[in-house]
Amino acid sequence: MSESLQDQLLKAGLVDEQSVKKTRSKKRKQRRRGETDSEQASASQAAIQREADRKARARTLNRRQQEERQREAAEKAARQMVIDQEVPHDGDERFQFEHNGRIRPVNVSAAQRRQLAAGELAIARTRGRYRLVPAAVVATLRRDAPFLLAWTADQAGPREQAEAAYPDHPVPDDLIW
């Protein structure tokens with residue numbers, strides 16, 4: 001079965017020797033002039049297209065992996081920033097806030113409670129602990145790792161609705177429940 005198709009057709013008697021020679025010389029002349037078969041041209045175009053598609057997929061995959069590495073590095077830096085800039089908070093008063101649908105307590109001092117209510121401090125969660133962080137860190141955390149923020153004064157709840165319902169009776173910011 002190593003014979004070419006032309007040889008097989010010649011042996012079977014389906015073509016004559018003259019037509020085989022004519023076809024061979026025609027193909028040889030086309031190659032010399034730089035012309036290609038339409039089949040060969042379409043095959044080479046398909047190969048070029050497949051290679052271009054493979055390179056495009058590889059570039060897309062590399063870009064996604066690079067973005068993922070950058071995101072992970074930014075998250076790691078944000079976690080470290082929370083730990084480095086943590087404000088110690090072992091006080092006598094309990095500050096309670098809502099996080100993930102549950103009310104969570106943090107022991108703070110009276111001054112820290114006022115700072116939390118004024119928005120000067122926020123609460124972040126890393127390594128299973130709630131930590132007080134300065135308000136200057138909040139913008140970076142929102143950009144790089146918003147899931148670390150557990151509570152900020154601007155997300156304290158539907159305060160405007162409550163205040164609109166009872167304008168004559170304002171609720172103090174430092175109310176202890």
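These values consider heavy atoms only, across backbone and side chains, with no hydrogens, waters or symmetry-generated copies. These numbers were taken from a predicted model, which means no experiment stands behind them.
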### Message
Tell me whether the NZ or CZ atom of Arg125 lies within the 45° cone about the ring axis of Tyr130 and under 6.0 Å from its centre.
### Response
yes

### Message
Under a 4.0 Å threshold between the charged nitrogen and the carboxylate oxygen, would Arg129 count as salt-bridged to Glu86?
### Response
yes

### Query
Does the distance from a Lys or Arg side-chain N to an Asp or Glu carboxylate O, for Asp154 and Arg142, drop under 4.0 Å?
yes

## Note on the structure
Closest non-hydrogen atoms of Gly119 and Ala153, given as atom of the first, atom of the second and distance, are CA-CB, 3.6 Å

#### Entry: salt bridge (charged side-chain N to carboxylate O under 4.0 Å, His left out) between Arg63 and Glu67, worked out
CA-CA 6 Å; Arg63 182 180 43 80; Glu67 288 172 356; 3.5 Å; yes

### Summary
Scanning both residues in full, the closest heavy-atom pair of Pro105 with Arg94 reads CB-NH2, 2.9 Å

### Query
In Å, rounded to the nearest 0.5 Å, how long is the span from OG1 of Thr140 to CG of Leu148?
11.5 Å

### Query
Quick one: does Ser19's side chain have a donor or acceptor within less than 3.5 Å of a partner on Val15's backbone?
no

### Task
Measure the CZ-CG distance between Phe95 and Asn107 for me, rounded to the nearest 0.5 Å.
12.0 Å

### Task
Would you name the heavy atoms of Thr152 and Ala122 that are closest together and state the gap between them?
CG2-CB, 3.7 Å

### Task
Calculate, to the nearest 0.5 Å, the distance between atoms OG1 and CD belonging to Thr126 and Gln80 respectively.
9.0 Å

### Query
Does a side chain donor of either Arg69 or Gln66 reach within less than 3.5 Å of an acceptor in the other side chain?
yes

### Task
For Asp92, look at atom CG and say whether over 12 heavy atoms of other residues, nucleotides or ligands are found less than 6.0 Å away.
no

### Spacing of Gln18 atom CD and Thr23 atom OG1 [to the nearest 0.5 Å]
10.5 Å

### Query
Do you reckon Leu149 sits in the same ILVMFWY cluster as Met81, going by side-chain contacts under 4.5 Å, direct or chained?
yes

### Message
For the CG atom of Leu10 and the CG atom of Leu5, what is their distance to the nearest 0.5 Å?
### Response
11.0 Å

### Query
Between Lys11 and Asp16, is there a salt bridge with N-O shorter than 4.0 Å?
no

#### Entry: Arg71 bridged to Glu75 by N-O distance under 4.0 Å
yes

### Message
Check this for me: does any side-chain nitrogen of one of Glu51 and Arg54 sit under 4.0 Å from a carboxylate oxygen of the other?
### Response
yes

### Query
Between the side chains of Gln49 and Asp53, does any donor sit under 3.5 Å from an acceptor?
yes

### Message
Walk me through whether Arg28 and Lys26 qualify under side-chain contact (heavy atoms from CB on, under 4.5 Å).
### Response
CA-CA 5 Å; Arg28 193 176 329 114; Lys26 186 178 177 183; over 6 Å; no

### Message
Show, in sequence, the C-alpha distance, side-chain angles and deciding distance for Gln65 and Asn62, and conclude whether the side-chain contact (heavy atoms from CB on, under 4.5 Å) test is met.
### Response
CA-CA 5 Å; Gln65 288 174 344; Asn62 288 341; 3.8 Å; yes

### Query
In terms of hydrophobic clustering (I, L, V, M, F, W, Y; side-chain heavy atoms under 4.5 Å; direct or indirect links), are Trp151 and Leu132 co-clustered?
yes

### Task
Carefully, step by step, assess Phe97 and Leu116 under the rule side-chain contact (heavy atoms from CB on, under 4.5 Å).
CA-CA 11 Å; Phe97 61 98; Leu116 281 165; over 6 Å; no

### Task
Output the distance between atom NE2 (His89) and atom CZ (Arg131), rounded to the nearest 0.5 Å.
7.5 Å

### Side chain to side chain, Val133 and Leu121, heavy atoms closer than 4.5 Å
no

### Query
Heavy-atom distance under 4.5 Å between the side chains of Asp7 and Val20, does that happen here?
no

### Message
What I'd like to find out is whether the side chain of Pro134 reaches to under 4.5 Å of the side chain of Val87, using heavy atoms alone.
### Response
yes

